[in-house]
Amino acid sequence: MYYNFKEIEKKWQKKWQDAHAFRAQVDPKRKKYYLLEMFPYPSGKIHMGHVRNYTIGDVAGRFKTLEGYNVMHPMGFDAFGQPAENAAIKNKTKPADWTHKCIKEMETELKKMGFSYDWEREVSTCESDYYKWNQWIFLKMLERGLAYKKASSVNWCPSCQTTLANEEVIDGACWRCHAEVEQKDLEQWYLKISEYKERLLEDLSQLKNWPPRVLAMQSNWIGKSSGVDIYFRLKNSDKSIPVFTTRVDTIFGATYIVLAPEHPLVKDLIKGTPQEKEAQEFIKKVIAESKVVRSASDVKKEGVFTGSFAVNPINNEEVPVWIADYVLMEYGTGAIMAVPTHDQRDFLFAKEHRLPMRIVIKPKDSPLKPADDLSEAYEGDGVQINSGEFNGLNNQEAKIKIAQWMEAKGIGRIQTHFRLRDWLISRQRYWGTPIPVIYCPDCGIVPVAYKDLPVKLPASAPFTGEGGSPLNKVKKFVEVKCPKCKGKASRETDTMATFFDSSWYFLRFCSPEFKEAPFDAGEAKYWMVVDQYIGGIEHAILHLLYSRFFTKFFQDMGMIDFTEPFDKLLTQGMVLKDGEVMSKSKGNIVDPDSMIKNYGADALRLFILFAAPPETELEWDERGLEGAFKYLNRVWRIQENLKGKADQEIIKILHRTIKKVSEDFAGFKFNTALASLMELTNAIYQNGADKEVFSRLVIMLSPIAPHFSEELWQILGNKESIFKAGWPKYDPDLLVEESVTLVIQVNGKVRSKIQVGRDTPDDKLKELVLKDEKLLAWLEGKSPKKFIVVPQKLVNIVL
RNA sequence: GGGCGGAUGGCGAAAUUGGCAGACGCGAUAGCCUUAGGAGCUAUUGGGGCAACCCUUGGAGGUUCAAAUCCUCUUCCGCCCACCA
């Protein structure tokens with residue numbers, strides 16, 4: 001007979017809902033715990049990744065509740081985005097209708113899992129009372145110069161027909177549809193995240209409870225590098241070209257300089273020269289190339305000579321100025337000094353185009369081959385040679401000295417460059433937050449007044465899939481009066497990138513109904529920061545970086561008094577099937593709903609936690625799920641056979657288990673917590689237990705299998721919810737064993753074991769050990785050289 | 001090329017952080033119970049050997065009384081970044 005999970009789960013889900021069991025309210029007397037899992041995009045069905053993410057969170061939340069914390073555990077939907085538009089085209093529905101339908105379905109599925117969400121705090125980013133505050137935040141940023149419009153070459157996805165942020169381009173392809181990204185010149189809205197680059201980098205050191213690899217990824221993405229901007233004056237001109245280098249110690253080896261094809265000086269330089277035509281064609285070709293082609297590491301480095309020369313300011317040497325595809329306009333100054341002997345890229349280019357080379361650093365204890373014989377650049381450290389007054393110095397020292405010397409002479413400047421670029425937020429899509437500005441032929445860009453927010457998204461727009469903003473074609477939306485001069489004007493028709501929406505939703509959860517501002521400062525003061533955030537590693541850069549940026553912005557606005565939003569971060573591993581990520585295209589999806597039907601939500605939760613630690617990948621195995629189900633049934637049967645009084649031995653095991661499980665839960669080690677709960681269960685199964693012991697087993701199981709445990713709790717005669725029972729405490733005295741098994745090793749190998757009193761003194765121990773018959777056979781009459789004692793664990797005898 | 005992780009039975013994984021390797025579970029084998037079992041119970045289950053024992057944490061060295069754990073080298077795998085000057 002199986003326990004009736006279908007009935008039990010339904011019963012308790014209803015009870016929790018009717019009792020508002022998970023409603024969170026500010027209570028200054030109690031310690032709060034803000035638990036957050038990354039909210040889902042409402043695609044209609046939850047998948048195993050969601051189940052895993054939210055199960056991990058739910059156990060943490062229920063455990064904290066049992067420990068007495070005032071837990072806030074909200075859920076919502078990241079509801080704007082492209083799939084809604086695609087679905088609208090396909091099914092001839094409105095994106096809003098499709099999205100609402102999906103949200104309904106997902107809510108139902110999440111409720112079936114028994115998650116302890118405070119549904120009264122639910123937010124959906126596609127509702128105007130949410131996105132109104134996107135617009136409000138945008139206007140505040142606009143006022144502070146943090147939102148701005150500029151024309152530039154942007155990433156363009158030809159398949160999605162929209163622009164993409166740098167963060168959304170993966171290997172030169174669109175993060176969503178994987179189409180190859182093109183470059184396009186467009187005027188677009190940006191957020192000046194670069195203004196926060198130093199703080200975003202420095203404050204990473206505050207995030208002591210984040211996984212190191214997420215910190216590393218963020219740090220790499222921000223990409224700070226220190227070096228020197230050096231000014232190369234153009235020969236026969238008063239202009240100079242700044243180049244950036246992190247290796248100023250190699251400056252005496254700079255034999256040419258290279259500009260990016262997009263560099264603004266290029267046009268002037270080639271004008272009227274014999275190479276003009278060749279150069280122009282080359283530039284045209286490179287600019288048209290997609291990023292994937294251009295950045296492929298195995299391609300030949302191509303370039304052309306401009307005909308001009310520049311002067312190396314350190315030795316007044318004239319060097320040729322080239323244009324090449326391997327120099328990028330977006331980074332540094334868009335120009336480099338090339339040192340072929342000490343930079344592999346320059347080396348390859350110089351070989352290809354027969355440019356001169358000069359060695360200026362040699363390894364400390366060995367000579368370097370002549371430049372012409374090198375097969376690759378020497379990029380290591382060493383001693384300066386051919387470097388004028390800096391000869392003989394260690395190159396690391398020289399780096400500092402040369403930089404200072406150049407600064408003193410005004411020919412260079414110590415400088416830091418970042419990889420992080422401003423965040424492009426304009427999207428040529430319908431299903432997103434309208435950017436709240438108006439274009440007036442007379443007044444220019446006019447922000448929408450705060451009192452006129454929200455700028456509501458029209459209920460529908462024509463979707464042709466042909467590109468351009470669909471809102472362009474909605475006359476009623478576009479045609480407005482200028483708020484300033486009342487003349488004819490038109491609205492911005494681009495919408496915001498959806499990452500904008502998710503950059504502050506954790507604050508909205510503190511006061512989801514608040515009407516005066518994005519969030520109520522008082523509520524936020526109590527609930528923030530998020531104590532535990534849980535989500536997928538795929539958000540290690542984008543979402544987490546943007547959220548940190550927004551938080552710092554709110555801090556600067558005086559709206560909050562902290563600078564980092566998430567204290568602890570857990571990134572859960574993927575769910576695999578047969579070693580591969582579950583995905584529609586691979587056809588290896590396991591539907592959580594059918595698993596709930598067959599085994600119940602509790603068994604599914606238990607299996608997912610038991611199969612692997614939260615951070616590592618989890619291999620789906622239905623037999624394992626069956627095992628989890630059997631385990632619950634085993635526990636159920638114990639309840640039918642309780643006895644009057646438990647043995648002392650069982651009580652001791654219980655207290656050991658309480659200690660272990662408490663520690664494991666606190667550290668999110670649910671797999672080992674379950675292992676010890678199973679051990680306790682096995683022990684009870686063999687020796688029997690009373691109500692006392694069994695009740696505590698059930699409490700410890702309740703965060704993992706909440707419906708099951710509530711039902712048992714009721715059967716045991718309790719009237720209130722098990723989640724009001726309090727987390728069990730252990731008695732330290734019961735953990736102490738009178739006698740311990742002592743391992744006896746000879747030369748580090750286990751040879752025997754004896755039982756001894758736990759506080760046996762060392763000399764007495766020696767005596768006891770040397771009497772052991774098994775050991776004596778190993779000693780063969782030899783006398784021990786050394787006698788090592790690890791208290792209560794082992795002795796090692798060295799012969 | 002740079003950075004960060006990994007590698008432990010047939011499988012998922014444990015190992016108090018230097019102290020009995022393989023807890024717990026899946027699978028498998030044998031038996032019991034049952035009208036039946038894809039339920040339950042009992043026992044066995046890293047490899048070799050009749051056994052005493054020997055071998056075993058990707059590989060090779062090293063440190064140590066003692067190494068899955070620390071150090072050096074090396075192979076393979078995963079993830080992130082990447083013509084970033």
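Numbers restart at 1 for each chain; the letters A, B, ... are given by sequence-line order, proteins then strands.
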Spacing of A:Ile754 atom CD1 relative to B:C20 atom P, expressed in whole Å = 17 Å

A:Tyr685 vs B:C41: side-chain N/O to OP1/OP2 distance below 4.0 Å = yes

message = Testing the 3.5 Å rule here: is there a donor-acceptor pair between the side chains of A:Asp229 and A:His417?
response = yes

task = Just name whichever nucleotide pairs with B:C4, Watson-Crick or G-U, keeping both distances under 3.5 Å, else none.
result = B:G78

Ion pair check, A:Arg419 and A:Glu330, cut-off under 4.0 Å = no

Aromatic A:Tyr685 / basic A:Arg634 pairing, under 6.0 angstrom, 45° off normal = yes

note = Of B:C65, B:U42, B:C24, the nucleotide closest to the side chain of A:Met678 is B:C24

key: Residues forming a side chain to side chain contact (heavy atoms under 4.5 Å, CB included) with A:Ser226, sequence neighbours excluded   = A:Thr416

request  = Measure from CG on A:Asn682 to P on B:A43 and round the result to the nearest Å.
outcome  = 11 Å

message = Categorize A:Arg623 for me: base, sugar-phosphate, or nothing, with a 4.0 angstrom heavy-atom threshold over every strand shown.
response = sugar-phosphate

query = Taking for each residue the nucleotide of RNA chain B with the nearest heavy atom, is it A:Ile797 or A:Pro212 whose nucleotide lies nearer the 5' end?
reply = A:Pro212

query = Does A:Lys753 get its side chain close enough to the base of B:C20, under 3.5 Å, for a donor-acceptor pair?
reply = yes

Short side-chain N/O contact to B:C41 OP1/OP2 from A:Arg634, under 4.0 Å = yes

ask   = Does a nitrogen or oxygen in the side chain of A:Thr672 sit under 4.0 Å from OP1 or OP2 of B:A13?
value = no

query = With distance as the sole criterion, do the side chain of A:Asn796 and the base of B:C65 form a donor-acceptor contact below 3.5 Å?
reply = yes

inquiry  = So A:Pro613, base contact, sugar-phosphate only, or nothing? Heavy-atom distance under 4.0 Å.
reply    = sugar-phosphate

query = Distance check: side-chain N/O of A:Asn671 vs OP1/OP2 of B:C24, anything under 4.0 Å?
reply = no

